[in-house]
Number of protein chains: 2
Amino acid sequence: MKVLTKNTDYAIRALLALAAKKGSYMSAKSIATEHDIPYQFLRRLLQQMIRHNLIVSKEGVQGGFMMQKNPDEITVTELIEIFQGKVQVSECMFRKQICGNRARCVLRHEIMRIEQVVQSEFEKVTIGKLLRDLEAANPVHQKATTIS
Amino acid sequence: MKVLTKNTDYAIRALLALAAKKGSYMSAKSIATEHDIPYQFLRRLLQQMIRHNLIVSKEGVQGGFMMQKNPDEITVTELIEIFQGKVQVSECMFRKQICGNRARCVLRHEIMRIEQVVQSEFEKVTIGKLLRDLEAANPVHQKATTIS
DNA sequence: TTAATTGATACTAATATAGTATCAATTAAA
DNA sequence: TTTAATTGATACTATATTAGTATCAATTAA
Ligand code: FES
Ligand code: FES
């Protein structure tokens, strides 16, 4: 059982790259090569993130993508929802015969409780947090300004 | 993002049926029809559960399946592992370039922490607990003995 | 004018999930 | 002892999801 698919995985990595270069544009090509993400695949992910207002883009030479939303407000939960759909444990585990009344079904409650736990755990993890953790662990990285 | 697949879903339902009839055999056919599970699909699941010593079977007329392991010791985590593989958030989110040393990677720690949370939440849910909840909510069910 | 870029979209490949079919072996019961 | 109900084993098909590739038009800095 794999919780994060490649979509989400790559998206997080791309966002970390953009968050690190906050304020300047970075091309899909450079993100792809630097972080070992399939180029065309990445482009599709970036466009989805534009639609969700996480990032912005500029076309043409010297164009690229740039962080828009505050990295501390981008949670892994949000990314999972964008790329894998809302977290749901199971549509409805025990239909018909067993469970007549959906409304006050204990099993359903149990399921929804877990959904909540999972979701809130992922909510604690933001791009901002990950980036700070990364930089703390890996102080080699200098803060990128305009040096390509 | 769907956490429980049909395998696990059906397996849980089948186990609840068997747990309710503890001590007597119940055929795949009756489980399938009573709980609306595709017959041949179910049979495969039952055989997997035999291999994991959750249930036992008896061949021939009047044969069927019977609970073996204590329902309170069958966790949803165990079932997920059997039918969907071990819970893992992501193989390794940031390879190569970003993360040189796997050993003390903060991101990896974060991931593993969540894995633990998810896993332990599902560990709290046992077949025994689900069955008791079900019976409490649905007191129509009489304890099945030998009446078919 | 050109080359580097994104926008949009269609396509293919690989894998996982879901479901079906078949036949041999066993066994209770007619 | 024959038969029908059952499990054991396994192969097969269908569908959906995930992963990845390709193409071409539009934009824009140099
Ligand atoms: S399990 Fe679906 S309503 Fe009870
Ligand atoms: S993310 Fe894989 S080792 Fe750091």
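As the structure is a computational prediction, the values presented were derived from the model and not from experiment.
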How many whole angstroms separate atom [atom1] of [X] from atom [atom2] of [N]?
| X | N | atom1 | atom2 | answer |
| --- | --- | --- | --- | --- |
| A:Gln48 | C:dT6 | CD | P | 16 Å |
| B:Gln47 | D:dT6 | CD | P | 16 Å |
| B:Asp36 | C:dA18 | CG | C1' | 14 Å |
| A:Leu42 | C:dG7 | CG | C1' | 14 Å |
| A:Tyr25 | C:dG7 | OH | P | 10 Å |
| A:Met26 | C:dT5 | CE | P | 12 Å |
| A:Ile37 | D:dT21 | CD1 | C1' | 16 Å |
| B:Asp9 | C:dT17 | CG | P | 14 Å |

### Query
Any side-chain heavy-atom pair from A:Leu79 and A:Ile127 closer than 4.5 angstrom?
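Yes, side chains in contact.
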### Task
Please tell me if the side chains of A:Lys22 and A:Met66 come closer than 4.5 Å, counting only heavy atoms from C-beta onward.
no
### Query
What's in the same ILVMFWY side-chain cluster as B:Tyr39, cut-off under 4.5 Å, chained through other members?
none
### Complementary nucleotide of D:dT28, counting Watson-Crick and G-U pairs under 3.5 Å
C:dA3
### Partner nucleotide, any strand, of D:dA22 [Watson-Crick/G-U, under 3.5 Å]
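Partner of D:dA22: C:dT9.
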Could you pull out all donor-acceptor pairs under 3.5 Å where a side-chain atom in residues 41-59 of chain A meets a protein atom, sequence neighbours excluded?
residue	atom	partner	partner atom	Å
A:Arg43	NE	A:Gln40	OE1	3.3
A:His52	ND1	A:Gln48	O	3.0

### Query
Could you give all pairs that pass the side-chain hydrogen bond (donor to acceptor under 3.5 Å, both in side chains) test and reach residues 71-81 of chain A, with sequence neighbours left out?
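Pairs touching residues 71-81 of chain A that pass the test: A:Lys69-A:Glu78, A:Asp72-A:Arg132, A:Thr77-A:Glu123, A:Glu81-A:Lys86, A:Glu81-A:Gln119.
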### Query
Reckon B:Leu46 touches a base, only the sugar-phosphate, or nothing at all at heavy-atom distances under 4.0 Å?
nothing
### Query
Is A:Tyr39 touching bases, backbone alone, or none of the nucleic acid, heavy atoms closer than 4.0 Å?
base
### Message
So if I define the base as every atom that isn't primed, P, OP1 or OP2, how would nucleotides 13-19 of chain D read as a B/S/- string at a heavy-atom cutoff under 4.0 Å?
### Response
------S
### Message
Treating primed atoms plus P, OP1 and OP2 as sugar-phosphate and everything else as base, which nucleotides of nucleotides 22-30 of chain C get B, S or - for protein heavy atoms under 4.0 Å?
### Response
B--BBBBS-
### Task
Considering non-hydrogen atoms only, spot the tightest contact between B:His35 and B:Ala17 and give its length.
NE2-CB, 3.5 Å
## Note on the structure
Separation between CZ (B:Phe83) and CD1 (B:Ile12), nearest 0.5 Å, reads 9.5 Å
## Note on the structure
To the nearest 0.5 Å, atom CZ of A:Phe122 lies from atom CD1 of A:Ile80 at 4.0 Å
### Task
Please state whether the phosphate of D:dT6, meaning OP1 or OP2, lies under 4.0 angstrom from any side-chain nitrogen or oxygen of B:Ser57.
no
#### Entry: Pairing residues for B:Lys124 by the side chain to side chain donor-acceptor pair (under 3.5 Å) criterion, not counting sequence neighbours
B:Glu121
